[in-house]
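Residue numbers begin at 1 in each chain, while the letters A, B, ... track the order of the sequences.
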Amino acid sequence: MADHPLPEPDVAREWFEAMLLIRHFEERAGEQYARAKVGGFLHLAIGEEASMVGTVRAMRDTDYLISTYRSHGQTIARGTPPGKVMAELFGRVDGLCHGRGGSMHMFDLPRRFMGGYGIVGGNLPIAAGFGLAADYLGNEDATVCQFGDGASNQGTFGETMNLAALWSLPVVFMVTNNRFGMGTALERHSAVTDLQVKGEGYGVPGMECDGMDVVDTFHVTTEALRIAREERRPVLVEAMTYRFRGHSMADPEEYRTKDEVEEWRKRDPIITFGDRLVAEGVITEDERAELDATAQQAADDAVAFADASPVPEPGSLYDDVYVLGGQVHGWYSVDERGAGVRRGEDIGGEGHR
Amino acid sequence: MATMRYREALNQALREEMTRDERVFLMGEDIGVFNGAYKVTNGLLDEFGERRVRDTPISENTIVGMGVGAAMLGLRPVVELMTINFSLLALDQIVNHASHIRYMFGGQVSVPLVVRMPQGAGHQLGPTHSHSWEALYLHVPGLLVAVPSTAADAKGLLKAAIRDENPVVFIEHEYLYGQRGEVPDGEDVVVPFGRAAIRREGTDVTIVGISRMAVTAEKAAALLSEQHEVEAEVIDPRTLRPLDLDTILASVRKTNRCVIVEEGWPHGGVGANLAALIQEQAFDDLDAPIGRVTGADVPMPYAKNLEQIAFPHEPDVVDAVLATFRDM
Ligand SMILES: Cc1ncc(C[n+]2csc(CCOP(=O)(O)OP(=O)(O)O)c2C)c(N)n1
């Protein structure tokens, strides 16, 4: 890892703010889960903020980002109001996906956050599909696809690497190596633990970044995106990181020691970056505390926003299963549970967004 | 008899079969060090070691495929898929390979593989993590399909599955893991495939409940008796392939009404299939169209209030039963 200088003070400060916001958001989300306001599986990314913010800040607004079930932070980094993310966790109508997807399935089309996906490895081919579309349309849009170390063992990994290289697609694949796939340590799940080389045999060169350092992540991703966009070929970036919390909220974490977690916590991306900003005179300790308080307030506001949002109408259950355009006549679905027959030709405005 | 949870009953079955037969071994994601996503394999790594309890990478299609290969050479692999949702990634090995190999190679070889996995909605896991897929596997000739709904059946059927020469899709249920039940003692107590259980006797209507819905059907039957003076006979087929159609038909011939309850989608569902079989064999015995209660015909929504109306509960079953008594 190179020692990069800090960016302009305003920029550095904004990166810090973004990481703080994600951290406080995640902590609040965890609390709301404990209060049963949030259901399902909740995967927090505490510890991985630099790999999110550094990556997203290297992207253009017109680039596409696609990720996994651990992606509240990516959406927030991309500019989604935290309240809409929290409302999704609450299963409310003002959530990003109107309560349909929940924590594992975020999506924000206007901000080109093309989804968090619940199936490990499921997002890789889709990312290559975005690359294919950009190539087909002849535009400059690049795609960043984030996935975990565990996902690099899925068949889609090799298949996607090959096709992305074969067809020269502008995609940056970023494996966020947080050392574990659920409770299985990297050394126990992957024969090759140097993940950046895993694409090489398929023709996808690897790069590495310090995913605990927002500046390094930014620089490496910037270069990777340049290669993808200008040289029209895929790159695999390995971001070295760590999750401080369990895999999900239901994880007793028996597969790792407290000492190991403590060691990594010393490299907390927010503390180390904050220290650096203070040391280099970008912010004072007082300002640091203020930024922290502001981010905390924003996370609290997100909770309040989510809590105030209504639950979805029961009658909306069938909305958006299909694009009902009237071009197809016949029964789309027959529901024996009493909701009635859905026919292609019966497309009143009622109930359909 | 001992009382235990469904997950403990499964654990016992695995332990006993591994002790009984050296060829039995386990593979799956996080089944060892993590003790299983749903703790079914709890303690087995400690007891049997890494040769027989194998943590795998996240590679569903390949671990099932390796199970197929090992089974073809005479081992007895039991592959755990973390949930049935992820079995979609292994469909190729399950359908194109496990189920077809014996037939396609003229009976020269068999595939005594068990693929275990839980299914079901109700935990707000959203569209990708809430599937019920018994209908999908029922569709495939060459597979056996088990859908145990009690602790005793979980244990007895899993033991039968491991001892069977055929590939078995063994469908557990996330909701049922924590449910307790009486389990008969004895290491050789197996529940044979193809024998339905009559959970409750009745004369007015036959309710067939699949997987967790067998439990829902039984609760609905109690409501019907208390509130509507309808005595329902509740049948849990326990395995869908082979299917104990005779027990279901005998019941329908007695009650003249039938309602089928499942958690999966209506189109091409277990109920659709069963209704066809029943009307083919017992049309003249039916006094009303066969009722079906299914999951809603939508991907499973995350929001709790939507999810709760998207899979069947007791009142839905009660309504469907009462509908069979209404004048047509
Ligand atoms: C196909 C599939 N198999 C299994 C799972 C269950 N699962 C969810 S996350 C996970 C671990 C993934 O690890 P990794 O790719 O390293 O990402 P991380 O969670 O560490 O961010 C597993 C096994 C799943 N969601 N999809």
Side-chain angles (χ1 to χ4, degrees), chain A residues 38-41 69 88-93 95 97-105 117-122 148 150-157 181-185 188-191 247 250-252 254-255 311-314 316-321 332-339 342, chain B residues 29-39 50 55-63 82 85-86 88-90 92 122-130 260 265-267 269 271-272 291-312 316 319-320 323:
Chain A
V38 178
F41 290 153
Y69 44 83
E88 187 60 32
L89 302 189
F90 276 49
R92 304 297 174 87
V93 286
C97 305
H98 315 298
R100 288 286 178 64
S103 166
M104 293 195 286
H105 309 108
Y117 293 81
I119 298 300
V120 171
S152 72
N153 300 314
Q154 202 57 286
T156 51
F157 174 83
M182 230 168 120
T184 304
R188 298 187 66 250
H189 75 61
S190 185
H247 168 73
D251 177 359
E254 283 158 2
Y255 50 83
V311 300
E313 286 293 330
S316 70
L317 181 64
Y318 290 83
D319 292 356
D320 298 323
V321 179
Y332 278 85
S333 44
V334 187
D335 199 306
E336 285 74 13
R337 303 193 57 221
R342 309 270 144 174
Chain B
E29 295 160 18
D30 284 300
I31 64 168
V33 171
F34 197 77
N35 284 308
Y38 291 93
K39 304 297 170 226
E50 290 203 337
D55 273 325
T56 69
I58 309 168
S59 311
E60 284 82 6
N61 200 34
T62 294
I63 61 180
M82 203 174 273
N85 309 283
F86 316 141
L88 295 183
L89 283 75
D92 172 55
H123 295 96
Q124 280 197 272
L125 300 180
T128 63
H129 279 60
S130 306
I260 304 154
W265 292 310
H267 270 295
R292 288 195 288 154
V293 183
T294 72
D297 201 6
V298 297
M300 190 56 70
Y302 163 80
K304 186 169 193 166
N305 70 319
L306 291 185
E307 182 182 33
Q308 285 299 319
I309 57 172
F311 71 95
D316 305 309
D319 286 351

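- Both the backbone and the side chain of B:E60 come within contact range of chain A, each with at least one heavy atom under 4.5 Å from a heavy atom of that chain.
- Note on A:G121, A:G99, A:P252, A:G95: by heavy-atom pairs under 4.5 Å with chain B, the leading option is A:G99.
- Between chain B and the residues A:M182, A:E313, A:R92, the most heavy-atom pairs under 4.5 angstrom are made by A:M182.
- The side-chain heavy atoms of A:R100 and B:L306, taken from C-beta on, include a pair separated by under 4.5 Å.
- Of the atoms belonging to B:T62, not a single heavy atom falls under 4.5 Å from chain A.
- Contacts of A:E254 with chain B are made by side-chain atoms alone, with heavy-atom separations under 4.5 Å and no backbone atom involved.
- Residues B:D30 and A:G183 come closest through the heavy atom pair OD1-N, 3.1 Å.
- Remark: side-chain polar atoms of B:T128 are not paired, donor with acceptor, to backbone N or O of A:I119 under 3.5 angstrom.
- Of the atoms belonging to B:D319, not a single heavy atom falls under 4.5 Å from chain A.
- Closest approach of A:V321 to B:P299, counting heavy atoms only: CG2-CD, 4.2 Å.
- By the 4.5 Å heavy-atom criterion applied to side chains, A:T184 and B:F34 are not counted as neighbours.
- Without hydrogens or angle criteria, B:Y302 side chain to A:H98 main chain gives no donor-acceptor distance under 3.5 Å.
- Between chain B and the options A:E88, A:R188, A:H189, heavy-atom pairs under 4.5 Å are most frequent for A:R188.
- Taking CE from A:M104 and NE2 from B:H129, the interatomic distance works out to 4.0 Å, rounded to the nearest 0.5 Å.
- Atom OG1 of A:T156 sits about 7.5 Å away from atom CG of B:L89, to the nearest 0.5 Å.
- When each of B:D297, B:N305, B:I309 is tested with A:L317 by the rule side-chain contact (heavy atoms from CB on, under 4.5 Å), just one qualifies, namely B:I309.
- Nearest heavy atom pair, residue A:P312 against residue B:A303, reads CG-CB, 3.8 Å.
- Chain A forms more heavy-atom pairs under 4.5 Å with one residue of B:S130, B:G271, B:G32, B:S59 than with any other, namely B:S59.
- Most heavy-atom pairs under 4.5 Å with chain A, from the set B:Q124, B:E29, B:K304: that is B:Q124.
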